[in-house]
Amino acid sequence: MKEMLKKIREEAEAAISAPDADLEELRIRYLGKKGELTAVLRGMGKLSAEERPVIGQLANEVRAYIEGEITRIAEERKAKELEAAIHSAKAYNPSIKMEEAVGSYHPITLVQRELEEIFSTMGFTVEDYDEIVDDYRCFEALNIPPYHPARDMQDTYYLENGQLLKTQTSAAQNAIMKKYGAPLRAIFPGRCFRNEATDACHENTFFQMEGMMIDENISIANLIYFMKTMLSEVFRRDIKVRLRPGYFPFTEPGFELDINCLICGGEGCPSCKNSGWLELCPCGMIHPNVLTAGGIDPEKYTGFAFGLGLTRLAMMKYGVKDIRDFNSGSLKALSQFEDN
Ligand code: DAH
């Protein structure tokens, strides 16, 4: 009998742990009224008085073991099923229960991370910077004194203590130059603010990613190379770009880098103000005054900088027609980008 019990235990163990085991069927087969174990227990009457308690105890142990295993595996399966349901859940589904819903990364975060990775491989460090800055950082250190008309284009929200919500990631240039000195390669993504009337392509809160590379003998050729490499990686295809002269007090010379509008293919639509081109990346060679303000000798070092419109880039990459969707907080709108 001992042998029979041992055999039942071994067989049950193998059957239960099979990945496609029907647990309910096994429960009946081993533990049910007509089950194998029950049959053995029934035969105990024939045993001697000494044997009976020994076999009885053994049979109970086998029973407890099989019961325990079946319950354990059933629970394991339930947990796996729940996990799978959670992972395949889409915020789209209105019938989804809150405890089963799973969040997703914001499309701008996805683009930001991708860029951080691309630039990291090119030797750039990733810096973080404040959203509230002073006038010096946002304007004066960038060669924009108080009377300068360039300020008109960047009205923002002022705090009572004179500080302001930064209008551009360029506001971090000065601090980062002072932190590292030259040579320097850094990118610094960040949230920016402007007092804007909102429409399909303007928001009062948006993201930029600034980059700087400062070293001896840095030229416009380096700037073009890095911009092209980065954009072709982001879009995973060859995209058209054009460089126009642009004016920024903190660059000399300054450029506007445009890319072909990927939403309309260049024909003109509201997202590109019907021009077929999207202003994506203003850039330029860093003005000597800005280097000096950052404690870097402009006689020895030169550098380029760019202020990539991260929000714009996300619109292009994911075909989002209205910039306001990004701040809408609508899970339905925001959760669909993760797998792209
Ligand atoms: N900060 C500028 C803006 O928001 C963009 C910019 C232009 C950044 C030229 C730069 C640059 O680094 O070199 O309009």
Side-chain angles (χ1 to χ4, degrees), residues 108 115 119 124-127 129-131 133 135-144 148-157 164-177 180 182 184-196 201-215 218-227 230-231 241-259 273 278-294 296 298 301-313 323:
I108 293 179
L115 284 168
F119 277 103
F124 284 69
T125 58
V126 182
E127 297 290 315
Y129 197 64
D130 308 335
E131 288 175 2
V133 298
D135 189 273
Y136 177 78
R137 292 278 157 90
C138 202
F139 299 117
E140 280 190 60
L142 293 166
N143 209 24
I144 311 175
H148 202 289
R151 289 192 177 218
D152 289 354
M153 287 181 295
Q154 298 201 6
D155 188 19
T156 183
Y157 304 92
L164 51 105
L165 299 187
K166 76 167 185 267
T167 58
Q168 47 186 351
T169 41
S170 309
Q173 282 195 11
N174 185 266
I176 291 170
M177 284 181 204
Y180 292 109
L184 157 67
R185 286 184 198 196
I187 53 164
F188 26 112
R191 189 184 266 123
C192 301
F193 308 85
R194 289 190 198 175
N195 184 8
E196 291 267 9
C201 44
H202 292 91
E203 249 291 13
N204 53 27
T205 306
F206 55 95
F207 285 81
Q208 291 184 339
M209 178 178 282
E210 191 95 356
M212 281 194 297
M213 179 172 182
I214 303 172
D215 207 334
I218 296 291
S219 72
I220 297 168
N222 297 106
L223 166 64
I224 294 171
Y225 169 77
F226 276 97
M227 292 293 100
M230 178 271 291
L231 289 169
V241 298
R242 71 175 185 187
L243 215 55
R244 290 179 287 123
Y247 173 67
F248 307 98
F250 38 96
T251 60
E252 181 54 41
F255 306 103
E256 288 285 0
L257 186 132
D258 297 345
I259 68 165
K273 296 183 210 149
L278 214 94
E279 224 177 273
L280 187 70
C281 190
C283 50
M285 301 305 292
I286 303 172
H287 196 289
N289 289 354
V290 176
L291 289 172
T292 307
I296 292 174
Y301 293 104
T302 49
F304 67 76
F306 58 87
L308 187 64
L310 209 53
T311 305
R312 286 265 157 86
L313 189 64
I323 192 171

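In listed order, ligands and their atoms are each counted from 1. As the structure is a computational prediction, the values presented were derived from the model and not from experiment.
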Checking Arg151 now: which residues fulfil salt bridge (Lys or Arg N to Asp or Glu O under 4.0 Å) with it, not counting sequence neighbours? Asp135
Is the backbone of Phe304 close enough, under 3.5 Å, to the side chain of Asn222 for a donor and an acceptor to pair up by distance? no
Can you tell if the side chain of Arg137 reaches within under 4.5 Å of the side chain of Tyr129, non-hydrogen atoms only? yes
Kindly write out the residues that satisfy ring-ring contact (aromatic ring centres under 6.0 Å, His included) with Phe306, not counting sequence neighbours, or none if the list is empty. Phe119
Side-chain donor-acceptor contact under 3.5 Å, Glu210 with Gln173: yes
Mind checking what makes side-chain hydrogen bond (donor to acceptor under 3.5 Å, both in side chains) contact with Asp130, not counting sequence neighbours? none
Output the set of protein residues with a heavy-atom contact under 4.0 Å to ligand 1, ordered first by chain identifier and then by residue number. Gln154, Gln168, Ser170, Gln173, Arg194, Gln208, Glu210, Phe248, Phe250, Thr251, Pro282, Cys283, Gly284, Ala305, Phe306, Gly307
